[in-house]
Amino acid sequence: IWQPFDDYARVEKGLPSTFFLIPFKDSPGLAPDGTINPVRPVAYHVGDISEEDNCGAARGAEMAVHGIDSWHDAARGRAEIAQLESAIQHRPSGVRMHWLYFSDDSAQHLETAGFDYDSTWGYNDAVGYRAGTSQVFRLPGAERLLELPLTIMDTALLYRGRMNLSMEQALRVCRKLLAYARRLGGTVVINWHDRSLAPERLWGRCYMQILQDLADTCRPWFATAGQAVTWFRWRRSFRFVSDGGREVRIESAAPCPGPPAVVLIYHPRRASPPAIEELSCDGRTALTITVSHFSLHLALNQRYLSGEIPLTDAAKRCVVHSSA
């Protein structure tokens, strides 16, 4: 059950995912209250499964750090990065903290350690939007580190002592979140643990159904965590440039690393509700738009608009799922 790469490959049927891997065996780390919890250590480290790591990477999976102490210590974060790098032969860019440990200073520690993104910001005992958004965002204290917020975790849904839902109940809850994603856009980040496809849990069927529901209802872009964060970083590079006249040029710093963005142009005087024109934008060439009596709004893929003006299917959504 500690080597789930083949099992997830069969379940995901070619979809990419991110595996967050424990760097150090039998290491409990420090809890936010300063204690050491004897239940927190894990019985493997990345060196035990280096061959499986490389096979998973060859299938398109991303390998990232399942952090132990990097949430409070940048030096420990650098050690965790180095440990995973020694096993996969390239530097990992992302982290998700074991047991979702986090503090007000964690973003700064993780950035100092050298991480490009974090995906810890979610619930241990519930699902939904802990940060109040499904967008990738920058936490206070960080200059470059981006947060990919966790949406759904298997143990929160199904584990005793947490939500303790049946599979059918869990799917009903998840479908509400998918309905939000379809209407408002943003990311859906699913965290399914390595042992969850095996006895005693056997939660693979629930995971498969959530992926199928995503494919059927949201028309998503399935991406690794790192790919999604790279896309959002690209979106943040867009600029509106005006010479003071009636033309606005929309440009980005680089070509699109995934699905094209969508620029939405509102024409409030043409119709009620206002007419919306959609322009695909891949960043390869700047868009020049003549401004008259309409307002510009840069939706760029899955920007929240409102319940009254939903994004069409042309404005592609970005959906991420992660394993282990």
Side-chain angles (χ1 to χ4, degrees), residues 18-24 27-37 40 62-85 91-153 156 186-191 223-238 253 257 300 302-304 318 320-322 324:
T18 296
F19 289 87
F20 293 95
L21 305 175
I22 291 286
F24 299 112
S27 177
L30 193 67
D33 62 2
T35 62
I36 294 176
N37 192 317
R40 193 170 181 246
E62 176 192 11
M63 304 299 158
V65 174
H66 198 27
I68 301 171
D69 274 321
S70 48
W71 68 274
H72 72 92
D73 188 330
R76 293 293 296 166
R78 286 190 288 269
E80 291 173 5
I81 290 173
Q83 179 76 351
L84 181 53
E85 185 176 8
R91 187 177 180 82
S93 62
V95 62
R96 184 185 77 86
M97 295 310 306
H98 191 34
W99 286 19
L100 305 189
Y101 281 2
F102 219 74
S103 72
D104 291 344
D105 299 325
S106 291
Q108 187 172 356
H109 290 308
L110 296 175
E111 182 171 271
T112 301
F115 291 107
D116 186 60
Y117 74 86
D118 172 71
S119 192
T120 302
W121 205 249
Y123 296 113
N124 273 310
D125 55 0
V127 297
Y129 308 105
R130 183 181 176 189
T133 181
S134 60
Q135 302 289 309
V136 171
F137 63 96
R138 185 161 55 88
L139 283 163
E143 295 294 330
R144 177 173 171 78
L145 181 89
L146 293 181
E147 182 67 29
L148 175 66
L150 171 63
T151 315
I152 297 169
M153 185 160 65
T187 63
V188 176
V189 181
I190 304 169
N191 181 45
T224 66
Q227 288 170 339
V229 171
T230 297
W231 190 93
F232 275 90
R233 198 178 296 283
W234 169 76
R235 187 181 81 170
R236 293 166 72 93
S237 76
F238 270 77
L300 291 185
Q302 66 283 357
R303 184 68 176 250
Y304 169 81
C318 167
V320 186
H321 66 294
S322 60

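It should be emphasised that the depicted structure is a prediction, and the values quoted were computed from it without experimental measurement. Along the sequence shown, the residues carry numbers beginning at 1.
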Drop me the distance from Ile190's CD1 to Leu150's CG, to the nearest 0.5 angstrom.
10.0 Å
Distance-minimising heavy-atom pair for Ala64 and Gly94:
CB-O, 3.4 Å
Contacts of type side-chain contact (heavy atoms from CB on, under 4.5 Å), residue Ala131, not counting sequence neighbours
Trp121, Thr133, Phe137
If you count every heavy atom of other residues, nucleotides or ligands that lies below 6.0 Å from Gln108 atom CD, does the total exceed 12?
no
Using a distance-only test with no angle check, is there a side-chain donor-acceptor pair under 3.5 angstrom linking Asp105 and Ser103?
no
For the atom pair CG (Leu148) and OG (Ser134), what is the distance rounded to the nearest 0.5 Å?
10.5 Å
Nearest heavy-atom contact between His109 and His72 is NE2-O, 3.5 Å
As an exercise, state the distance from CZ of Arg96 to CZ of Phe102, rounded to the nearest 0.5 Å.
12.0 Å
Would you check if the side chain of Thr18 reaches a backbone N or O of Ala225 as a donor-acceptor pair within less than 3.5 Å?
yes
Glu111 side chain to Ala142 backbone, donor-acceptor under 3.5 Å
no
Donor-acceptor contact present, side-chain Asn37 to main-chain Pro28, <3.5 Å:
no
Quick one: closest heavy-atom pair of Thr112 and Arg78, and the distance?
O-NH1, 3.5 Å
Given 3.5 Å as the limit, does a donor-acceptor pair link the side chain of Arg40 with the main chain of Ile68, or not?
yes
Would you find a donor on one side and an acceptor on the other, under 3.5 Å apart, between the side chain of Glu62 and the backbone of Thr224?
no
Could you check Glu80, His98, Met97 and say which one makes a side chain to side chain contact (heavy atoms under 4.5 Å, CB included) with His66?
His98
Restricting to non-hydrogen atoms, name the atom on Ala253 and the atom on Ser237 that form the minimum distance, rounded to 0.1 Å.
N-OG, 3.4 Å
Among Ile81, Asp116, Leu84, Leu110, which residue satisfies the side chain to side chain contact (heavy atoms under 4.5 Å, CB included) criterion with Val95?
Leu110
Between Ser106 and Trp71 (side chain of the first, backbone of the second, donor and acceptor by atom type, cut-off under 3.5 Å), is there such a pair?
yes
Output yes when a side-chain donor or acceptor of Glu147 lies under 3.5 Å from a complementary backbone atom of Thr120, and no otherwise.
yes
To the nearest 0.5 Å, what is the distance between CZ (Arg76) and CG (Leu30)?
10.5 Å
Over all atoms of both residues, closest heavy-atom pair of Pro149 and Val189:
O-CG2, 3.2 Å
Nearest 0.5 Å, what's the CZ-OG1 distance between Phe232 and Thr187?
5.5 Å
Could you tell me whether Arg233 sits above the aromatic face of Tyr117, with NZ or CZ closer than 6.0 angstrom to the six-membered ring centre and within 45 degrees of the axis?
no
At what distance, to the nearest 0.5 angstrom, does OG of Ser27 lie from CD of Gln83?
10.5 Å
Should Val136 and Arg235 be marked as a side-chain contact (heavy atoms from CB on, under 4.5 Å) after you check the CA-CA gap, both sets of side-chain angles, and the distance that decides it?
CA-CA 10 Å; Val136 171; Arg235 187 181 81 170; over 6 Å; no
Where do Ala223 and Ala228 come nearest, in terms of heavy atoms and distance?
CB-N, 4.2 Å
